[in-house]
Amino acid sequence: MSNNTTSNNSVECHINSTGHINIFPVCIYSFIFIVGLVFNVMSLAFFSCHTKSRSHTIVYMTNLAIADVLLILTLPMRIYHHLGKEIRQWLCDILGLILKANMYGSIFLLTCICFDRCMAVTFPMSARVQEGRKKAPLVCFGIWLITFGASLPIYFSRKVNNTECFDSLPVHATNLVVVSSTLIVGFGIPLVIMLICSWGLVRAVRRSTVAQTDLVDSGKIQRMITTSLLIFLVSFLPYHVILVLLSLYGDNISCPMRTAYRYSLMLASFNAVLDPVAYYFTTDTFRGKVDIRAVRRMFPLNS
């Protein structure tokens with residue numbers, strides 16, 4: 001009985017989304033594609049022109065921009081699908097793999113950026129910290145390896161038993177064990193690290209001698225940290241909440257839940273537009289508000 005219910009819901013959602021033009025997804029994905037591609041290409045161009053002054057944080061930002069561009073390049077086929085056109089299932093699987101892997105790659109890279117900033121501000125004179133920060137390229141390579149390596153077995157071992165393309169649910173949605181590990185490792189731990197590092201960064205800025213002068217706009221830095229956390233939660237929290245609900249409902253997944261899942265993917269994809277605004281452009285806040293030579297002169301007073 002439950003299998004028939006699931007099948008009926010799947011067919012109903014399939015009928016409502018295939019063969020018809022869905023204006024809202026087309027508009028949202030088109031906006032993400034155009035604006036996100038322009039912003040991220042501009043960011044990559046800026047980073048490539050400033051390789052001599054490249055910091056460890058910019059290494060993470062460069063990889064984040066690459067991940068965002070790869071995600072954005074999968075969107076034209078999603079737009080084509082929501083225009084009512086049919087796409088081969090194997091292409092849907094590959095593009096879905098790229099989107100999911102880059103989503104978690106973005107989560108890990110954003111976490112690394114937050115952690116790197118916290119270490120740089122909290123322990124500016126620590127030789128061990130500075131030595132660890134030099135391993136940023138190796139960390140980025142590990143993130144790419146983990147995100148795609150963890151996703152490949154799922155997609156190659158799956159049985160293609162549907163023709164829903166991007167409207168199909170993730171293959172592990174009904175497996176509570178897999179969802180739990182994905183939720184903890186892919187979202188929970190990065191969120192905890194970001195919260196702790198953000199708290200440590202705010203605390204370090206407030207207690208710093210430099211923060212008591214006009215060299216640093218500590219209020220602006222705190223607003224930037226808050227904005228970054230909000231963007232992280234808005235982009236990725238809905239997707240993981242829906243993922244938990246899908247695993248709990250199992251065979252009784254309704255069409256509205258499937259629709260909510262598709263909207264949560266839109267929010268996750270929208271992060272490709274927000275990343276340049278929240279991280280790349282706000283880097284100028286630190287460089288513009290802090291006179292590096294003056295800060296160095298004050299280090300003996302703030303040892």
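Using a 4.5 Å heavy-atom cutoff, the side chains of L70 and T74 are not in contact. In this structure, the side chains of I242 and M257 stay at 4.5 Å or more apart for every pair of heavy atoms. Counting heavy atoms from C-beta on, the side chains of M266 and P25 come closer than 4.5 Å. Residues K100 and L265 meet the side-chain proximity criterion, which asks for heavy atoms closer than 4.5 Å. Under the 4.5 Å side-chain criterion, counting only non-hydrogen atoms from C-beta, L237 is not in contact with F232. For the pair R258 and R262, the minimum side-chain heavy-atom distance is below 4.5 Å. A heavy-atom distance below 4.5 Å is not found between the side chains of V192 and L195. Between S228 and C114, every side-chain heavy-atom pair lies at or beyond the 4.5 Å cut-off.
For the side-chain contact (heavy atoms from CB on, under 4.5 Å) with M194, the qualifying choice from I107, I189, L229 is L229, the only one to do so.
Atom CG of D116 sits about 9.5 Å away from atom SG of C118, to the nearest 0.5 Å. In this structure, the separation between CD1 on I193 and OG1 on T111 is 6.0 Å, given to the nearest 0.5 Å. Rounding to the nearest 0.5 Å gives a distance of 6.0 Å between CD1 of I72 and CG of D68. One distance of note links CD1 of I28 with NE2 of H82; it measures 11.0 Å at 0.5 Å rounding. A distance of 13.5 Å separates SG in C197 from CZ in R203, rounded to the nearest 0.5 Å. Taken to the nearest 0.5 Å, the CZ atom of F115 stands 12.5 Å off from the CG atom of L201.
Every side-chain contact (heavy atoms from CB on, under 4.5 Å) that I143 has, sequence neighbours left out, goes to F108, L109, C112, V139, T147. Listed by chain and residue number, F24 satisfy the ring pair (Phe, Tyr, Trp, His ring centres under 6.0 Å) test with Y263 (two or more places apart in sequence, or in another chain). Scored by the side-chain contact (heavy atoms from CB on, under 4.5 Å) test, V41 finds L37 as partners (sequence neighbours excluded). For P238, the side-chain contact (heavy atoms from CB on, under 4.5 Å) partners at least two apart in sequence or on another chain are S264, L267. Evaluation of the side chain to side chain donor-acceptor pair (under 3.5 Å) rule for S269 yields no partner, not counting sequence neighbours. Residues meeting the ring pair (Phe, Tyr, Trp, His ring centres under 6.0 Å) test with F33, sequence neighbours left out: none. Residues meeting the side-chain contact (heavy atoms from CB on, under 4.5 Å) test with S30, sequence neighbours left out: V26, I79.
Here F141 sits in one hydrophobic cluster together with L145; the rule is ILVMFWY side chains under 4.5 Å apart, joined directly or through other members.
Both I34 and I32 belong to a common hydrophobic cluster when Ile, Leu, Val, Met, Phe, Trp and Tyr are linked at side-chain heavy-atom distances under 4.5 angstrom. Hydrophobic cluster membership is shared by M42 and I58, with clusters built from Ile, Leu, Val, Met, Phe, Trp and Tyr side chains linked at under 4.5 angstrom. L71 and F31 fall within the same hydrophobic cluster, where Ile, Leu, Val, Met, Phe, Trp and Tyr residues are linked whenever their side-chain heavy atoms come under 4.5 Å apart, directly or through other members. Residue V179 is grouped with residue L191 when hydrophobic side chains (ILVMFWY) are merged at heavy-atom distances under 4.5 angstrom, including chains of intermediate members. Hydrophobic clustering (side-chain heavy atoms under 4.5 Å, transitive across Ile, Leu, Val, Met, Phe, Trp, Tyr) keeps V234 apart from I231.
Of the possible polar contacts, one joining the N40 side chain to the A272 backbone as a donor-acceptor pair under 3.5 Å is found.
Nearest heavy-atom pair across L274 and S235 is CD1-OG, 4.0 Å. For M77 against L91, the heavy-atom pair with the smallest separation is CE-CD2, 3.6 Å. Residues L110 and F236 approach most closely at CD1-CE1, 4.1 Å, considering heavy atoms. Counting all heavy atoms, side chain and backbone alike, N271 lies closest to S106 at OD1-CB, 4.4 Å. Minimum heavy-atom separation, S43 to P276: OG-CB, 4.1 Å. Contact detail for I98 and N102: the closest heavy-atom pair is O-ND2, 2.7 Å.
Few gaps surround CZ on F187; more than 12 heavy atoms of other groups in view lie less than 6.0 Å from it.
Ring orientation note: the planes of Y239 and Y104 are nearly perpendicular, at an angle over 60° on the 30°/60° scale.
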- Message: Before you tell me yes or no, could you show the steps for V244 and L183 under side chain to side chain contact (heavy atoms under 4.5 Å, CB included), namely the whole-Å CA-CA distance, both residues' side-chain angles and the distance that decides it to 0.1 Å?
- Response: CA-CA 8 Å; V244 172; L183 184 66; 3.6 Å; yes
